[in-house]
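Data block below; observations after.
Letters go in sequence order (proteins before strands), and every chain restarts at 1.
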There are 2 protein chains.
Amino acid sequence: MKQESVISVLREQGHRITNVRSAVVELLETSKSPLSADEIREELKKRKLDVNKTTVYRELDFLKGRNIAQEVEFGDKKKRYEIVGKHHHHVVCVQCKRAEDVDLQQDLDVVEKKIARGKGFQITGHSLEFFGLCSNCRQ
Amino acid sequence: MKQESVISVLREQGHRITNVRSAVVELLETSKSPLSADEIREELKKRKLDVNKTTVYRELDFLKGRNIAQEVEFGDKKKRYEIVGKHHHHVVCVQCKRAEDVDLQQDLDVVEKKIARGKGFQITGHSLEFFGLCSNCRQ
DNA sequence: TTCGATGCAAAGGATTTGCAGATGC
DNA sequence: GCATCTGCAAATCCTTTGCATCGAA
């Protein structure tokens with residue numbers, strides 16, 4: 001549904017719809033949490049799509065450039081990617097690196113306006129991550 | 001003042017106080033925004049302290065391990081470091097990478113408690129960064 | 001003297017680039 | 001057919017490690 005629309009918008013814009021492209025978009029859209037390039041590659045492999053690392057990076061770059069995907073950082077050196085517009089505030093377990101979503105958009109909207117006014121900044125995005133131990137890893 | 005105390009605590013704990021150690025601590029304590037390993041190295045060089053990259057990383061690791069410094073990420077592949085306890089919410093200009101502080105601790109305290117209750121997460125830290133264009137780069 | 005701190009070179013891991021070949025439309 | 005996508009190898013960038021030496025206490 002949602003996936004149809006991203007892909008069809010891309011198609012209308014004259015971009016090629018390759019297997020990799022639609023698979024990556026679908027992956028990101030259905031994933032519960034942001035995925036690293038490597039995780040994406042592994043997921044694709046499970047679906048019998050064996051894709052080179054480089055290709056994954058390039059696809060992510062493509063999606064980033066069209067404001068379809070965006071980067072999130074969880075404190076290791078990997079970047080992770082998620083669809084723009086999905087909630088992007090997370091609670092990350094520092095041990096197992098599992099991430100869950102939290103929705104704090106309302107609170108942040110207020111804060112962003114405050115900052116724009118106070119500092120003359122034109123805010124284009126933000127990242128908000130909480131780190132800690134999930135109920136499993138606490139034991 | 002503040003610097004005295006960090007250093008003297010370390011001394012009391014039996015850690016050696018080298019030129020590099022006290023210089024890095026002072027740097028971080030007086031810096032207006034988080035610094036990358038390389039920025040630290042450059043600053044030290046300005047102060048006639050020529051230090052190897054590795055040493056800077058190791059010192060940062062040391063400070064991190066003692067909960068004196070912590071990492072912050074601004075969306076490029078570099079880690080940046082700041083003193084724990086200094087405000088660590090930032091407004092980052094995506095163009096010039098300059099960062100300013102914003103204090104949102106109050107708002108976040110509330111949110112963290114909410115999350116701890118709702119998700120069974122034991123929150124140990126967070127990162128909150130806003131990205132945008134500063135008044136200079138907007139032109 | 002002793003153990004932590006340091007430098008240097010090399011390794012490591014994630015990401016990027018160059019180029020040639022493959023493929024969607 | 002042609003521009004874009006893809007794979008492979010090599011390059012890059014940041015960070016880490018191994019090992020020998022140095023230096024603070």
Any side-chain N or O of [X] below 4.0 angstrom from OP1/OP2 of [N]?
X        : N       : value
Tyr57(A) : dT15(C) : yes
Asn52(B) : dT6(C)  : no
Thr55(B) : dG7(C)  : yes
Thr18(A) : dT6(D)  : yes

Given [options], which nucleotide is nearest the side-chain atoms of [X]?
X        : options                   : answer
Thr54(A) : dT15(D), dG18(D), dG18(C) : dG18(C)
Ile17(A) : dG18(C), dA25(D), dC25(C) : dC25(C)
Glu59(B) : dA25(D), dT4(D), dT6(C)   : dT6(C)

Can you measure [X] atom [atom1] to [N] atom [atom2] for me and round it to whole angstrom units?
X        : N       : atom1 : atom2 : value
Lys53(A) : dA11(D) : NZ    : C1'   : 14 Å
His15(B) : dT2(C)  : NE2   : P     : 21 Å
Ile40(A) : dT6(D)  : CD1   : P     : 14 Å
Lys77(B) : dT16(C) : NZ    : C1'   : 7 Å
Leu10(A) : dG24(C) : CG    : P     : 17 Å
Arg21(B) : dG4(C)  : CZ    : P     : 11 Å

Report yes if a donor N or O on one partner sits less than 3.5 Å from an acceptor N or O on the other, where the partners are the side chain of Arg58(B) and the base of dG7(C); otherwise report no.
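Check passes, donor-acceptor contact within cut-off.
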
Does the side chain of His15(A) come under 3.5 Å of the side chain of Arg66(A) through a donor N or O and an acceptor N or O?
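Present: a donor and an acceptor within the cut-off.
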
Would you say the side chains of Asn52(A) and Thr54(A) form a donor-acceptor pair under 3.5 Å?
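Yes, because at least one side-chain N or O of Asn52(A) sits under 3.5 Å from a partner of the opposite role on Thr54(A).
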
Euclidean distance, Glu82(A) CD relative to Arg80(A) CZ, rounded to 0.5 Å:
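Reported value, rounded in 0.5 Å steps: 11.5 Å.
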
Pair listing, salt bridge (charged side-chain N to carboxylate O under 4.0 Å, His left out) test, anchored in residues 45-54 of chain B, at least two apart
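Output for this query lists Glu43(B)-Lys46(B), Glu43(B)-Arg47(B).
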
For DNA chain D, whose closest nucleotide is more 5', that of Asp61(B) or that of Gly14(A)?
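Looking at DNA chain D, the more 5' nearest nucleotide goes with Gly14(A).
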
